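Keep in mind that what you see is a predicted model, and the values were worked out from it rather than measured. Here is how names work: the chains are called A, B, and so on, in the same order as the sequence lines, proteins then strands, and each is numbered from 1.
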Number of protein chains: 2
Amino acid sequence: MPKVGGRVGIGDVAAAAGVSTTTVSHVLSGNRPVRASTRAQVEAAIRQLGYRPDPSARSLRIQRTENVALVVPDITNPFFPQLAAGMQDILHPEGYLISVSDAALPVRSLDAVVQHLLDRRMDGIVMAPHFATSVHHTRIAESGAKLIRLSGSVDDGLGDIVRSDDAAGVASVVHHLVERGYRRIAFINGEETAEPGRLRIAGYRLGLSEAGLAYDSRLVHTGTFTRDGGMTGAEALLRGDARPDAIVCANDLIAVGAMDALRRRGLSIPGDIALTGYDDIEAAALLSPSLTTVHNPAREIGRSCARLLLDRLADGYDGPPRDVVLPNRLIPRESS
Amino acid sequence: MPKVGGRVGIGDVAAAAGVSTTTVSHVLSGNRPVRASTRAQVEAAIRQLGYRPDPSARSLRIQRTENVALVVPDITNPFFPQLAAGMQDILHPEGYLISVSDAALPVRSLDAVVQHLLDRRMDGIVMAPHFATSVHHTRIAESGAKLIRLSGSVDDGLGDIVRSDDAAGVASVVHHLVERGYRRIAFINGEETAEPGRLRIAGYRLGLSEAGLAYDSRLVHTGTFTRDGGMTGAEALLRGDARPDAIVCANDLIAVGAMDALRRRGLSIPGDIALTGYDDIEAAALLSPSLTTVHNPAREIGRSCARLLLDRLADGYDGPPRDVVLPNRLIPRESS
DNA sequence: CTGAAAGCGCTTACAG
DNA sequence: CTGAAAGCGCTTACAG
């Protein structure tokens, strides 16, 4: 029975089983062979006493916390919970705990969040914020924590990268539209200063050229990744002298805004103009018509991050940073 | 300068400042007065050596981890990330780390998740899963971890409760419709076996009676909390002999399904029939017409949970469980 | 106002 | 195959 008024420790187990704490420890860890009969006695004592190892004591001794952190720019953006769920799929069964930190400016600065996590001696950190700089990455790497990022280049040697192939995703939308018979395919982009903006317009151009279609700058409008951006963009395209028969939007929010504009003009989707988005937010399936889009494999990205981390944390991988690129999936719906 | 090849510990600081580790510790904690000049020397040494306390050593000594866990049934449901963000608003500045665990069946059983968190010696646990039983709550409370729940009764003495007032929320929707001139107000519910189902229909009846309107069972349809449920429910109401002029839905997904059904019949919203939802999911604002709904104060709930936890963890509150009820906010939009 | 020392509960080199 | 003992880096009663 458990001691009154005190946690049962490895010493209690040892006493109950008539062995040393050393042996108890080795039964638990499997780090060295233990005679079967001894092991059985120890295991019986553990069960009987309800012994549970103390993680702080273990961490102090082994100099690892077996804690992993996920830093996101905005936990409220549905992409990130999916990422977290994917990480849990892999790391939970291995006994790792995942702390999620939202570095939402201006409430919490990324500097402070990173410092906090390093102070807490996280074994691994997955950095999702797009505004993270090499300063942050360097600080993490120097602290000894393993680093995984969602964008950037592997050349700095600071850690592994996992990402999805946005350009290929947009290109697959273009192919889908071409197959459906559309030829005058327009593109409404968000900010081109952002990485997604650059990658997605590149995908649009790639898709066109693969389909043998010419790039026509009159069919391209650059704005913001918002509903307003989509409305403005669609109106500009409809007023222009090169009228599109399909509009590819750089994200779903832009597509919602474009849908507003088309509806106001009395145009039918996809009858008069086809429309596509990117991201597959929840609303994409709920709109009428439902929106053709590309599903970002957030959960899969999370799983990959976790596997790369585990390689380094548990399996002793210590090679050069790896760059994992995951495919995106086209989700055809009513709007195209 | 930091020792080569080793973490700088409290002993290094003590040596550099020419004091004992006891004094260094007290400078850090403020647990006993230290002469100003001594403190200054210690602080200088800390800064110079870049000393950072080791949380495992501290936890081992003080028998607390300063870790808090949030357990959710599905991190992918947008309510829960908001909850997590609210908790962070309060707990991050206090130095607490928040681990998020998704007890999504059948992948991870709640039993296993709870056990895992207790093994990790969490100081506090916020339990959101609706399928948590008193067995789980009892195990948590007995382990010494502080428990906060999002539903249930405070009478079991197992921990604090934070919730929003769903019944009042639905009642406020009914009032809103009555003010707008609607009188034949129908209700489409989800499963009445679920707590939200029970609370929301209660709110509907409350709203009616407060407005002096009679309850008419022909205006009520019970189904599931899904888009399909809404479609089926709306069709049944439209076929019935008591034709409504407004439909209150027990959640936004039901409202989306009802919108499908109305649209198919060629009915205009809100011209022919007004429509409202509950939850304020992202899609509610993106639909056309945008959906009048009730915003669940998820972030505020998270903040309240964190404050109650902090009361018990840091401020020594040890009184009886508290029951915090937060108001919901009506979001009037185009559909009503 | 300050310090010497015990001890939190583990893991692991060292020894047999 | 097993054990005695050191030590991870802190905090805090005890003493002065």
Legend entry - Donor + acceptor pair across side chains of B:Asp119, B:Gln115 (<3.5 Å): yes

Legend entry - Atom-to-atom span, CD of A:Gln41 to C1' of D:dT2 - whole angstrom: 13 Å

Legend entry - B:Leu28 CG - D:dC10 C1' separation (whole Å): 10 Å

Legend entry - Rounded distance (Å) that lies between atom C1' of C:dC8 and atom CZ of B:Arg121: 12 Å

Legend entry - Any A:Gln63 side-chain N or O less than 4.0 Å from OP1/OP2 of D:dG9: yes

Inset, instruction - Using atom NE2 of B:His26 as one end and atom C1' of D:dC10 as the other, report the distance to the nearest whole Å. - result: 12 Å

Inset, instruction - State which of C:dC8, C:dT2, D:dA4 makes the closest approach to the side chain of A:Ser20. - result: D:dA4

Inset, instruction - State the pairing partner of D:dA13; accept Watson-Crick or G-U wobble contacts with both distances under 3.5 Å, and report none otherwise. - result: none

Inset, instruction - Specify the separation, in whole Å, of atom CG of B:Asp54 and atom P of D:dC10. - result: 6 Å

Inset, instruction - Please tell me which of A:Tyr51 and B:Ala36 maps to the more 5' nucleotide of DNA chain C, matching each residue to the nucleotide holding its nearest heavy atom. - result: B:Ala36

Inset, instruction - Rounded off to whole Å, could you give me the CG-to-C1' distance for the A:Asp12 and C:dC10 pair? - result: 13 Å

Legend entry - side chain to side chain contact (heavy atoms under 4.5 Å, CB included) partner of B:Tyr317, chosen from B:Leu308, B:Leu310, B:Leu309, B:Asp311: B:Asp311

Inset, instruction - Assign B:Ser29 to base, sugar-phosphate, or nothing according to its heavy-atom contacts below 4.0 angstrom with the strands shown. - result: nothing

Inset, instruction - Report yes if at least one side-chain N or O of B:Thr23 is closer than 4.0 Å to OP1 or OP2 of C:dG3; otherwise report no. - result: yes

Legend entry - No-hydrogen, no-angle side-chain donor-acceptor test under 3.5 Å, A:His136 and A:Thr133: yes

Legend entry - A:Arg32 CZ to D:dA4 P, straight-line distance once rounded to whole Å: 11 Å

Inset, instruction - Let me know, please, whether B:Pro33 or B:Ala57 comes out on the 5' side of the other along DNA chain C by nearest nucleotide. - result: B:Pro33

Inset, instruction - From the options D:dT11, C:dT11, C:dC10, select the nucleotide whose nearest atom is closest to the side chain of B:Arg58. - result: D:dT11

Legend entry - First encountered from the 5' end of DNA chain D, between A:Thr21 and B:Arg64: A:Thr21

Legend entry - side-chain N/O A:Ser25 vs C:dT11 OP1/OP2, d < 4.0 Å: yes

Inset, instruction - Please work out if A:Pro55 contacts a base, only the sugar-phosphate, or nothing of the nucleic acid, heavy-atom cut-off 4.0 Å. - result: nothing

Inset, instruction - Check whether the side chains of A:Thr23 and A:His26 place a donor and an acceptor atom closer than 3.5 Å, and report yes or no. - result: no

Inset, instruction - Go through D:dC10, C:dT11, D:dA13 for me and flag the one nearest to the B:Thr22 side chain. - result: D:dA13

Inset, instruction - Calculate the interatomic distance between B:Leu60 atom CG and C:dA6 atom P; express it in whole Å. - result: 17 Å

Inset, instruction - Taking A:Asp160 for its side chain and A:Ile148 for its backbone only, find out whether a donor-acceptor pair lies under 3.5 Å. - result: no

Legend entry - Residue pair A:Glu66 / B:Arg120: nearest heavy atoms and the distance that separates them: O-NH2, 2.7 Å

Legend entry - P atoms of D:dA5 and D:dC1, separation to the nearest Å: 24 Å

Inset, instruction - Quick one: label A:Thr38 by what it contacts on the DNA or RNA (base, sugar-phosphate, nothing), any heavy atom closer than 4.0 Å. - result: sugar-phosphate

Inset, instruction - Please state whether the phosphate of C:dT12, meaning OP1 or OP2, lies under 4.0 angstrom from any side-chain nitrogen or oxygen of A:Asn31. - result: yes

Legend entry - Base of C:dG7 paired with side chain of A:Arg7 (donor-acceptor, under 3.5 Å): no

